[in-house]
Amino acid sequence: MIGAGAMGADHIRTISRSVPSARVSAVYDFNTDTARAAASPVGADVVSSAEQLIDSASVDAVIIASPDRTHADLVRACLAAGKQVLCEKPLAVTADEAYGVVEAEVVGGRRLLQVGFMRRYDPGFVSLKRTITDGTVGEVRIVHAIHRNASSSTSTDDAGLITGSMIHELDTIPWLLDDEITDIRVESPVVDGFRDPQLATIWTKGGVMVTAEVFVNAAYGYDVRCEVVGSRGTASLAPAEAVSTRVAGVDGVPVRDDFVAHFADAYRIELSTWADEALAGRTTGPSAWDGYVANAVAEAGVASLASGARERVTLKDRPALYA
């Protein structure tokens with residue numbers, strides 16, 4: 001495990017409790033105390049550098065949960081070492097950097113990387129996707145997505161909200177619809193300072209329109225919703241209620257709800273599936289190409305927020321490895 005903060009520490013606990021095909025053997029974090037606190041309960045070694053962990057003969061596979069800016073370089077190091085690797089989103093900070101990872105994996109000739117888009121493993125989202133593929137709602141016309149956090153210590157600027165938080169929606173939508181995002185416009189009601197919340201209007205190649213609201217300091221708690229509107233009906237993750245009110249607690253204390261708890265099943269299924277596949281020497285989850293595509297859409301979204309215009313998403317050619 002590289003990175004033992006909230007995400008990394010939770011992955012360590014999940015693996016030790018719910019993933020019998022894997023064992024956490026080594027942990028690295030730039031904060032040694034953080035690494036020790038996460039490693040000690042599972043009997044893992046604390047190592048002095050990410051490079052030492054990646055190159056260790058006793059490490060078969062690597063999970064990267066370190067800060068976003070470190071992801072691409074660490075993934076390339078894992079690929080060079082021939083190690084299976086699960087990298088938390090985003091794959092990189094820029095689309096070019098992400099495509100560099102794609103190129104590095106293509107040179108190796110086989111897939112070793114999975115990007116941590118865990119919503120693809122969430123039972124709710126999987127069920128929602130099924131209502132589309134089995135024709136329950138008819139031909140999809142519109143999708144409404146909502147993604148809110150009580151507060152965020154990572155997505156703290158305009159671009160970072162898109163590349164670090166909205167990127168979940170930018171991966172979920174193409175996967176959910178089995179479609180490609182072609183255009184995006186991102187706006188915010190906030191004019192001065194950190195532009196949070198943000199509202200994206202997204203267009204797909206198949207003609208679906210999507211609204212995606214991301215609000216990373218919503219105060220009241222963690223909240224993810226999605227509704228698919230089709231020609232025959234709708235399907236939604238959110239229960240239908242006459243009136244639903246959610247507010248911050250007394251004296252502004254947020255509701256005790258976070259992304260780890262909300263997507264606990266998704267993370268467990270994601271890690272179990274990845275570990276089983278890594279043990280078998282294969283990877284079928286979200287790919288480096290998927291990570292690159294999400295970064296490319298995010299980059300267009302950042303440009304749109306600055307320009308106020310609808311921006312076209314431009315992608316490089318897709319390598320045969322990801323066909």
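All values below were derived from every heavy atom in this structure, side-chain atoms included, with hydrogens, water molecules and symmetry-related copies excluded. For this chain, numbers begin at 1 and follow the sequence in order.
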Separation between [atom1] of [X] and [atom2] of [Y], rounded to the nearest 0.5 Å:
X	Y	atom1	atom2	value
Asp45	Gln52	CG	CD	9.0 Å
Met166	Thr172	CE	OG1	12.5 Å
His11	Tyr267	NE2	OH	6.0 Å
Leu112	Thr283	CG	OG1	6.5 Å
Ser188	Leu161	OG	CG	8.5 Å
Leu305	Leu199	CG	CG	11.0 Å

Hey, does [Y] have a side-chain heavy atom less than 4.5 Å from the side chain of [X]?
X	Y	answer
Val143	Val208	yes
Leu86	Glu270	yes
Glu299	Asn295	no
Thr284	Glu277	yes
His147	Arg225	no
Ile181	Val210	no
Tyr28	Met1	no
Arg119	Glu169	yes

Fill in: All side chain to side chain donor-acceptor pair (under 3.5 Å) counterparts of Asp122, not counting sequence neighbours
none
Give a yes-or-no answer on whether the side chains of [X] and [Y] include a donor-acceptor pair shorter than 3.5 Å.
X	Y	result
Thr136	Thr131	no
Asp96	Thr94	no
Thr34	Asp29	no
Ser287	Gln114	no
Ser18	Thr14	no
Tyr121	Arg268	no
Glu311	Ser307	yes

Say whether, by atom type as modelled, one donor and one acceptor occur between the side chain of [X] and the main chain of [Y] under 3.5 angstrom.
X	Y	answer
Asp68	Val93	no
Ser304	Ala300	no
Thr70	Pro67	yes
Lys89	Val115	no
Thr211	His144	no
Ser16	Arg13	yes
Arg23	Ser25	no

Discussion item. Show, in sequence, the C-alpha distance, side-chain angles and deciding distance for Ile184 and Val297, and conclude whether the side chain to side chain contact (heavy atoms under 4.5 Å, CB included) test is met.
Written reply: CA-CA 8 Å; Ile184 185 171; Val297 179; 4.2 Å; yes
Discussion item. Could you check whether atom CZ of Phe30 has more than 12 heavy atoms from other residues, nucleotides or ligands sitting under 6.0 Å from it?
Written reply: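 No - once you tally the heavy atoms of other residues, nucleotides and ligands closer than 6.0 Å, there are 12 at most.
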Fill in: Asp178 atom CG: more than 12 heavy-atom contacts under 6.0 Å
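Atom CG in Asp178 is not crowded, with 12 or fewer foreign heavy atoms closer than 6.0 Å.
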Measure across [X] and [Y] and return the closest heavy-atom pair with its distance rounded to 0.1 Å.
X	Y	answer
Ser66	Leu74	OG-CD1, 3.3 Å
Leu170	Ala294	CD1-O, 4.1 Å
Ser165	Val216	OG-CG1, 3.5 Å
Ala298	Ile162	O-CG2, 3.5 Å
Thr204	Thr182	C-OG1, 4.0 Å
Ala92	Ala98	CB-N, 3.5 Å

If the condition is salt bridge (Lys or Arg N to Asp or Glu O under 4.0 Å), which residues does [X] pass it with, not counting sequence neighbours?
X	value
Asp33	Arg36
Glu88	none
Glu227	none
Glu187	Arg185

Item to complete: Could you tell me whether Asp179 and Lys205 make a salt bridge, using a distance below 4.0 angstrom between a side-chain N and a carboxylate O?
Response: no
Practice prompt. Flag the pair Asp171 and Arg120 as a salt bridge only when some basic side-chain nitrogen lies within less than 4.0 angstrom of an acidic carboxylate oxygen.
Written response: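 A salt bridge links Asp171 with Arg120.
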Practice prompt. Would you please classify the geometry between the Phe125 ring and the Phe263 ring as parallel, tilted or perpendicular, with 30° and 60° separating the classes?
Written response: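 Correct class here is parallel.
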Donor-acceptor pairs under 3.5 angstrom involving side-chain atoms of residues 313-323: please list them, not counting sequence neighbours.
from   : atom 1 : to     : atom 2 : distance (Å)
Arg318 : NE     : Tyr322 : O      : 2.9
Arg318 : NH2    : Tyr322 : O      : 2.6
Tyr322 : OH     : Glu105 : OE1    : 2.6

Fill in: Intermediate values then yes/no, side chain to side chain contact (heavy atoms under 4.5 Å, CB included), Ile132 and Leu177
CA-CA 7 Å; Ile132 297 171; Leu177 300 175; 4.0 Å; yes
Worksheet item: How far apart are the C-alpha atoms of His71 and Leu91, what are their side-chain angles, what is the distance that settles it, and do they pass the side chain to side chain contact (heavy atoms under 4.5 Å, CB included) test?
Response: CA-CA 6 Å; His71 289 183; Leu91 175 56; 5.7 Å; no
Item to complete: I would like to know whether Cys87 and Leu113 meet side chain to side chain contact (heavy atoms under 4.5 Å, CB included); could you show each step before the answer?
Response: CA-CA 7 Å; Cys87 178; Leu113 168 66; 3.9 Å; yes
